[in-house]
Protein chains: 2
Amino acid sequence: MRDSVLLLSSDQLNLTFAALADPTRRAILARLIAGHTTVTALAEPHDMNLPAISKHLRVPERSGLIERSRDAQSRPSHLKAEPLKQAVDWLGSNRRH
Amino acid sequence: MRDSVLLLSSDQLNLTFAALADPTRRAILARLIAGHTTVTALAEPHDMNLPAISKHLRVPERSGLIERSRDAQSRPSHLKAEPLKQAVDWLGSNRRH
DNA sequence: CGCATACTTAACCAATCGGTTAATTGCGAA
DNA sequence: TTCGCAATTAACCGATTGGTTAAGTATGCG
């Protein structure tokens, strides 16, 4: 069974914040702001092998932070705005200014 | 040896986002916006015992999200703004997408 | 002092995490 | 069809997480 597309917002916040709680994944997400790119390219700056990056990518994917497509042999990742927006909204509504 | 007060900003982001990645802890932090309160009061809405809440509190404490003081037998928790600000800043500078 | 209140600490446990190596799949080129 | 590149999956491992129960500690009150 694949993961559901519908996530309760609490579950999605769990997954989004968990995805952000690792420096490798934050670097990957920051890189993806510049535009979609392949797993090998995402792996290049990091001192770990492809399977490790592949596993890392599954974390933000489960929260909807990224989506993946296919381009020949490559599986480019694309950043999606909605989960980030949700995280920002939670932080915004929970901060006394 | 106690935890260091000085955290590398990357480490602090790790700890802050990890603290936010759990619904019990988010509820606790949201409650603390209304003002400082005790462990027992924080535990009351949750279906788990005091040691569990005590452990939960150690997570945002390690990131600096909360600080704890003493008032007779109680150990009230206080929300601190700086780590939240850092998290918002990371999200802000990584969203223009 | 003796006792209650408010936690915290210790020990334990199953599940998840973050990495590894080795094998496998998907795709395009020759 | 065979080859090679890109990426995933499987199996494994030690460390961490999130909960439990039971015992220990700090503080205030009569």
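We use all heavy atoms of the structure for the numbers below, so side chains are in, but hydrogens, waters and symmetry mates are not.
Rounded to whole Å, the distance from CD1 on B:I53 to P on D:dT17 is 17 Å. Taking atom CG of residue A:L50 and atom P of nucleotide C:dG19, one finds them 14 Å apart after rounding to whole Å. Rounded to whole angstrom, the span from the CG atom of B:D22 across to the P atom of D:dT16 amounts to 18 Å. For B:L42 and C:dT8, the CG to P distance is 10 Å, given to the nearest whole Å. Rounded to whole angstrom, the span from the CD1 atom of B:I28 across to the P atom of D:dG18 amounts to 11 Å. Atoms CE (B:M48) and P (C:dT8) sit 15 Å apart, rounded to a whole Å. Put simply, CG on B:N14 is 14 Å from C1' on D:dT16, counting in whole angstrom units. When rounded to the nearest whole Å, the span between CG of B:D11 and P of D:dT16 equals 14 Å.
Taking each heavy atom of B:P76 and B:H78 in turn, the nearest pair found is O-CD2, 3.6 Å. The two residues B:V39 and B:R75 make their nearest non-hydrogen contact at CG2-O, 3.9 Å.
Phosphate contact (OP1/OP2 of C:dC7, side-chain N/O of B:T38, threshold under 4.0 Å): present. Not one side-chain nitrogen or oxygen of B:R58 sits closer than 4.0 Å to the OP1 or OP2 atom of D:dT17. Remark: A:S54 is in phosphate contact with D:dT8, judged by side-chain N or O atoms under 4.0 Å from OP1 or OP2. Residue B:N49 has no polar side-chain atom (N or O) positioned under 4.0 Å from OP1 or OP2 of D:dG19. Phosphate proximity of C:dC7 to B:R68: absent, as no side-chain N or O sits under 4.0 Å from OP1 or OP2. Note on B:R70: every side-chain N or O is 4.0 Å or more away from OP1 and OP2 of D:dA26.
Position along DNA chain C of the nearest nucleotide to A:D71 versus A:H56 favours A:H56 as the more 5'-ward residue. Along DNA chain D, the nucleotide nearest A:K55 and the nucleotide nearest A:R75 are compared for position; the residue whose nucleotide lies closer to the 5' end is A:R75.
Residue A:Q73 has its side chain nearest to C:dG26 when only D:dT27, C:dT8, C:dG26 are considered. In this structure, of C:dC7, D:dG19, C:dG18, it is C:dC7 that holds the atom nearest to the side chain of B:S74. Of the candidate nucleotides C:dA4, C:dG18, C:dC7, C:dG18 has the atom nearest to the side chain of A:R25. Here the side chain of B:P51 is nearest to one of C:dG18, D:dA22, D:dG18, namely D:dA22.
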Please tabulate, one pair per line, all N/O donor-acceptor pairs under 3.5 Å involving side-chain atoms of residues 86-93 of chain A, not counting sequence neighbours.
| residue | atom | partner | partner atom | Å |
| --- | --- | --- | --- | --- |
| A:D89 | OD2 | A:K85 | NZ | 3.1 |
| A:S93 | OG | A:D89 | O | 3.1 |
| A:S93 | OG | A:W90 | O | 3.2 |

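A distance-only check finds a donor-acceptor pair linking the side chain of B:Q12 to the backbone of B:S63 [under 3.5 Å]. Without hydrogens or angle criteria, A:R25 side chain to A:L57 main chain gives no donor-acceptor distance under 3.5 Å. A:R26 contributes a side-chain N or O that, together with a main-chain N or O of A:L20, makes up a donor-acceptor pair within less than 3.5 Å.
Within 4.0 Å of B:A52, counting heavy atoms only, lies at least one base atom of the nucleic acid. Residue contacts for A:T24: at a heavy-atom cut-off of 4.0 Å it reaches no nucleic acid atom on any strand shown.
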